[in-house]
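Chain A is the first sequence line, chain B the second, and so forth, proteins listed ahead of strands; every chain is numbered from 1.
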There are 2 protein chains.
Amino acid sequence: MKFEEAQEEFIRAWGELGSSWGVSKTMAQIHALLLSSSKPLSTEDIMNELNISRGNANMNIRALISWGLTKKAFMPGERKEYFESDKDIWNISKQVAQERKRRELDPMRRVIDELVTVEAKTTEEKEFKMMLKELQSYTKSADRLIDKLSRSDKNWFFKLVMKLI
Amino acid sequence: MKFEEAQEEFIRAWGELGSSWGVSKTMAQIHALLLSSSKPLSTEDIMNELNISRGNANMNIRALISWGLTKKAFMPGERKEYFESDKDIWNISKQVAQERKRRELDPMRRVIDELVTVEAKTTEEKEFKMMLKELQSYTKSADRLIDKLSRSDKNWFFKLVMKLI
DNA sequence: ATTTATTTTCATTTTTTATTGAAAATACAA
DNA sequence: TTGTATTTTCAATAAAAAATGAAAATAAAT
C-alpha cells in the first residue's frame, strides 16, 4: 500500500470514528491529516487536501486548538499561520480524556451530586436514590482515574496493562 | 428535591450526555426513564412520559435492546410488551464498553492493522508508519483491557482504583 | 376465520447540525 | 497612512439525523 492511499484511508477512518464520539467529522479529519503529515500545514493546505471551505477549515482548526490537540507552528518568514498536531498517542489520549472529563463528566457529577439529595419515601424512590448513589460512586472513581492518568507516563500505563491482562 | 423533579432532571442530563457520546438523545432518555423506574414500562408509558411518537419510542427501545441495555419484561396476563433496564452501574459500564469495542474499536483496529503495512521510503512516510504502529499498540491494549474488564467483577474494579489513586 | 390489540415499518416532515462563501475584521508591510 | 494578505464571522444554504404518524404486518383472542 502506498503512502497516499494509507493516508486517505486513515483520514476516512478517523473521521468516521469522530462521528461516533460526538465530534464533528471534519474536525477529526483535519486531526488525522495533521497526524499523518510531518510538516505543519496552512489553512489553505487543509482546505485543498480535504476539499472544504475556508470557513469550515478555520472553525474546525479552532476547535482542535480548544481541545488542545493542535497548535500553531512558528514558521519563520511566513505570513500565513501553520498548524501541527502532537503525534504522541499517549499525549493525545490524556488530552482527550481530560477534555471529556471537563466537558461531560464534571457537569454530570455536579448534577448527580445534587440529585442524590432527593427525598425518598416509597420503596421505588429509595431504589432510584440507591442507583444514583452507585452512579455517584462510579463517576467519582472515573474522575480520580482520569486525574491519575493525566499525571502518569506512558510506561506506567503499559506496565499496568501487562499486570492486568 | 422531590422524586419527580429529580427523575426529570436525571432524564434531561442523561439525554444530553448521550448526545455527546454519539447516541440518540431519545435512546438515552428512554434508558434514563427505565433506570429511574422500579416497574417495567410499556411503549405507551414511555411515549407518554417523554412526549414522543410511537415510531420513535419503538425504534429507540429496539436500539436499547440491541445495545444489551434493556430487555423485555415478562408480565403475566398482559398482552402489551413491557421493558426494563438493568440498574447495576457496573453491568451497564461493561455492556457499553463491550458494545463500543465491537462497533468502533474492532473495525478501527482492522483498518490500522492493514495500514501499518504501508511502504515507507522517505523520512516523512516512516514517521507516519511509526505513529500508526504506536496507535496499533494502544488499540491492542485497549482491546485487552476491555476484555479483562468484561470478565471482572465490581470489587476488582474498585480495589484497582483504590490501589491506583 | 374474524376481530381486535399491538408492534413495526417507512415515506414524509421536522429539527438539528454542518458547511459555504462573501463581507467584515484583523494583522502585517510598504 | 494605505494597500494587501490573511483570518474570522455569520447569515444563508445544504446535508444529515431524528421524529412523526398512518398504513402494513403481526400476534393474540373470540
Checklist entry - For the side chain of B/N58 and the backbone of B/R54, is there at least one donor-acceptor N/O pair under 3.5 Å apart? => result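 The answer is no, because no donor-acceptor pair under 3.5 Å joins these two groups.
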Next on the checklist: Nearest heavy atom decides the nucleotide; on that basis, is A/N51 or B/E44 closer to the 5' end of DNA chain C?
Outcome noted: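 Result of the comparison: B/E44.
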Checklist outcome for this item: Closest non-hydrogen atoms of B/L115 and A/M1, given as atom of the first, atom of the second and distance, are CD2-SD, 3.7 Å
Checklist entry - How close do B/D113 and B/V116 get, heavy atom to heavy atom, and via which atoms? => result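 Heavy-atom minimum between the residues: O-CG2, 3.2 Å.
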Checklist entry - Which residue pairs pass the side-chain hydrogen bond (donor to acceptor under 3.5 Å, both in side chains) test when at least one of the two sits in residues 155-165 of chain A, sequence neighbours left out? => result none
In whole Å, what is the span from the [atom1] atom of [X] to the [atom2] atom of [N]?
| X | N | atom1 | atom2 | value |
| --- | --- | --- | --- | --- |
| A/L50 | C/dT19 | CG | P | 11 Å |
| B/M75 | C/dT6 | CE | P | 15 Å |
| A/N58 | C/dT20 | CG | C1' | 13 Å |
| B/R62 | C/dT6 | CZ | C1' | 11 Å |
| B/R54 | C/dA5 | CZ | C1' | 10 Å |

Item to check | Residue whose closest nucleotide on DNA chain D lies nearer the 5' end, A/M59 versus A/E81 | outcome: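 In this pair, the answer is A/E81.
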Next on the checklist: Reading DNA chain D from 5' to 3', where do the contacts with chain A start and stop? Cut-off is 4.0 Å to heavy atoms.
Outcome noted: D/dT4 to D/dT9
Look for any protein N or O under 3.5 Å of an N or O in nucleotides 12-16 of chain C and output each such pair with its distance, or none.
none

Checklist entry - So A/F128 and B/F3, would you call those rings parallel, tilted or perpendicular, with 30° and 60° as cut-offs? => result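 Rings of A/F128 and B/F3: perpendicular, over 60°.
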Next on the checklist: Are A/E119 and A/K129 packed together at the side-chain level, in the sense that at least one heavy-atom pair is separated by less than 4.5 angstrom?
Outcome noted: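 When only atoms from C-beta onward are counted, A/K129 and A/E119 do not touch, as no gap falls below 4.5 Å.
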Checklist entry - Do A/E127 and B/S38 have side-chain atoms, one donor and one acceptor, less than 3.5 Å apart? => result no
Checklist entry - To the nearest 0.5 Å, what is the distance between CD (A/E134) and CD1 (A/I112)? => result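 Atom-to-atom, A/E134:CD and A/I112:CD1 are 11.5 Å apart.
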Checklist outcome for this item: In this structure, CG of B/D45 is separated from OH of B/Y82 (nearest 0.5 Å) by 6.0 Å
Item to check | Listed once per pair and sorted, the salt bridge (Lys or Arg N to Asp or Glu O under 4.0 Å) pairs that draw on residues 89-99 of chain B, sequence neighbours left out | outcome: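 Non-adjacent pairs meeting salt bridge (Lys or Arg N to Asp or Glu O under 4.0 Å): B/E99-B/R102, B/E99-B/R103.
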Checklist entry - Within the pair A/N56 and C/dT20, is there a side-chain N or O less than 4.0 Å away from OP1 or OP2? => result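 It does, given that an N or O in the side chain of A/N56 lies less than 4.0 Å from OP1 or OP2 of C/dT20.
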Report, one pair per line, the protein and nucleotides 26-30 of chain C atoms (nitrogen or oxygen only) whose separation is under 3.5 Å.
residue	atom	partner	partner atom	Å
C/dC28	O2	A/R79	NH2	3.0

Checklist outcome for this item: Sorted by chain and number, sequence neighbours left out, salt bridge (charged side-chain N to carboxylate O under 4.0 Å, His left out) with A/E9 holds for A/R12
